[in-house]
Each structure stands twice: as C-alpha cells, then as structure tokens.
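Please read the structure below before turning to the comments.
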Amino acid sequence: MGNEPLTRIWVVGAVATGLAALAAAVGWIREPRQYRSSPPLSAALDQFRLMPNGISGTPPEVYFAMGKPYETTAFSLGQGKRLYSWFGCSACHGEATGGKGPSFIDGWWLYGPSMVSIVASIRDGRPHGMPAFRNRMTSDEIWQLAGYIKSLGAHTASVTATSRSDEKINRPAENRAPASILFNQGPAPLHPDQGPRP
C-alpha cells in the first residue's frame, strides 16, 4: 500500500516517455511537406491587364474573389519580407530607402503604387536594371513580394504586420505606413519622370 502511488507515477512516466519517443520517431520518418500552389490559381493570377504605358492596370478577378490576400494577411506579408531578403532586393533597393534601385518609401513610384504595377515590375522586369523574376519565383511568391513592397510604400497604417526585424533599421515598421511619415506632403509639383503621386 505504501508503494502504490510511486508505482502509478512510474507507470505514468514510462507511458508518457514512450508516447513522446513514438511521436518523435513518427515526426522523424514523416515525409517533409512542401507548399505547392494550385496551377489554375497561378494561371489566373498571371491574367492581369496593364495599361499601354506599363503603369497600373487591372488585377485578375480571382484576386478580388480571394479577398486581396497578398495585401491583407500577415502570412503573405511575412513571406514577402522573407522573399525580399532571399532574392537580394536590398542590394539595389536597400531597406526600402533606395540605393542603386528606387526607394519604396519616398512617396514616388516610377511605375505606380498599384499591385498590378508592382507585380509586373517583379515578374517582367523594367528598363534600367530591374531584372525579371518570372523564371525564378512562382506566381504566389511574386504576389507575396509585391504585397510586402506595397506595404512599405503605404500611406495609411495597417493592422496587418509582418514579422519583427531583429536588426536595427532606420525606417518605421511596415504596418506604420512609413511612406506617409517620410513623404513630404507640402506643395510639390508633379514629377513626370518619377511617375504618378500616390
């Protein structure tokens, strides 16, 4: 009678250890998962229309039917932020403040701030140094990266945020509308060489 509680504790501990070992073994032998986009969805996302001058246009109907997920979900914005780093966008654009490539937070967009323009710039490239990523990224990844870049140039704050950057950067967080903070909203003439004012 005196050893019965200790025996129960030992049995429960042994069962728990066995279950933990079994779960670890199943997790170890399980096939790794890989995200695969839907081919019909990818094909539909590629069916956007640009204006003749290559600035702005109309997103595909499926984009609206899905609820603009690449602009409004933290997962997509976080993936876009990861892609921005992985594909070396900061080598030309810096931490969105510009460099060899244009800035995303100065308030001026050479080809317009619409999602279609950004997607077209990433997918097809642009003159004067922007390479095409059509063969390096999936349609989903292009739209995720475009959503992140659009959030960098936002003029209104968003409740959707990307993951936190641990490194110190000299710009406001993506969900704080960095472009509205840094853009000079005083009287300024339209700069036709820099595209439409957002």
Side-chain angles (χ1 to χ4, degrees), residues 1-48 59-97 104-105 115 118-119 122-123 133-154 156-178 181:
M1 235 171 151
N3 288 337
E4 190 173 305
L6 289 175
T7 304
R8 284 184 192 164
I9 291 173
W10 185 85
V11 169
V12 169
V15 169
T17 303
L19 288 175
L22 179 64
V26 168
W28 182 74
I29 63 173
R30 184 178 66 188
E31 181 180 338
R33 296 180 186 180
Q34 181 179 355
Y35 174 74
R36 294 181 183 100
S37 63
S38 162
L41 177 62
S42 294
L45 285 172
D46 285 336
Q47 300 302 315
F48 57 85
E61 290 298 321
V62 69
Y63 187 63
F64 296 108
M66 294 183 337
K68 299 181 179 181
Y70 303 107
E71 297 176 61
T72 57
T73 62
F75 173 77
S76 289
L77 292 174
Q79 291 295 94
K81 186 173 189 174
R82 177 183 59 83
L83 293 166
Y84 189 88
S85 173
W86 278 16
F87 282 92
C89 302
S90 59
C92 292
H93 299 283
E95 290 300 327
T97 55
F104 298 131
I105 57 175
M115 276 293 283
I118 300 168
V119 167
I122 296 167
R123 186 186 76 174
F133 285 88
R134 174 184 303 227
N135 297 326
R136 300 181 207 167
M137 302 171 82
T138 66
S139 293
D140 274 348
E141 289 173 334
I142 291 171
W143 281 85
Q144 288 169 343
L145 179 57
Y148 173 68
I149 290 171
K150 184 171 181 173
S151 75
L152 293 172
T156 56
S158 171
V159 295
T160 308
T162 61
S163 59
R164 181 180 72 122
S165 295
D166 288 330
E167 66 275 359
K168 293 181 180 177
I169 52 178
N170 60 355
R171 63 171 171 75
E174 291 86 352
N175 66 332
R176 299 289 180 232
I181 296 169

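Quantities reported herein were computed from a predicted structural model and do not represent experimental measurements. Quick note: residue numbers are just sequence positions, from 1.
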Could you pull out the closest heavy-atom pair between Phe48 and Pro60, with the gap in Å?
CB-CD, 3.7 Å

In chain order, what residues pass the side chain to side chain donor-acceptor pair (under 3.5 Å) check against Arg134, with sequence neighbours excluded?
Asp124

Any Tyr63 side-chain heavy atom under 4.5 Å of Glu71 side chain
yes

Which residues share a side chain to side chain donor-acceptor pair (under 3.5 Å) with Ser90, sequence neighbours left out:
none

Kindly indicate whether the side chain of Ile149, heavy atoms from C-beta on, has any atom under 4.5 Å from the side chain of His93.
no

Pairs under 3.5 angstrom only: tabulate donor-acceptor contacts from the side chains of residues 11-23 to other protein residues two or more places apart or in another chain.
from, atom 1, to, atom 2, distance (Å)
Thr17, OG1, Gly13, O, 2.8

Compare every heavy atom of Phe87 with every heavy atom of Arg136, then report the nearest pair and how far apart it is.
O-CZ, 3.7 Å

Closest approach of Leu145 to Gly80 (non-hydrogen atoms, all atoms of both residues):
CD1-O, 3.5 Å

Quick one: pull up CE in Met115 and CH2 in Trp143 and give me the separation to the nearest 0.5 Å.
5.5 Å

What one should report as the nearest heavy-atom pair of Gln144 and Leu83 is OE1-CD1, 3.9 Å

Tell me the closest heavy-atom pair linking Val119 and Ala146, and the distance in Å.
CG2-CB, 3.5 Å

Could you tell me the separation between the CG atom of Asp46 and the OG1 atom of Thr138, rounded to the nearest 0.5 Å?
9.5 Å

From CA spacing to verdict: side chain to side chain contact (heavy atoms under 4.5 Å, CB included), Leu45, Tyr70:
CA-CA 11 Å; Leu45 285 172; Tyr70 303 107; 3.5 Å; yes

Shortest non-hydrogen contact from Thr72 toward Gly67:
OG1-O, 3.5 Å

Look up atom NZ in Lys68 and atom OG in Ser76, then write down how far apart they are to the nearest 0.5 Å.
14.0 Å

Gap between atom CZ of Arg123 and atom CG of Asn135 - 0.5 Å precision:
11.0 Å

Rounded distance (nearest 0.5 Å) linking atom OH of Tyr148 with atom SG of Cys89
9.5 Å

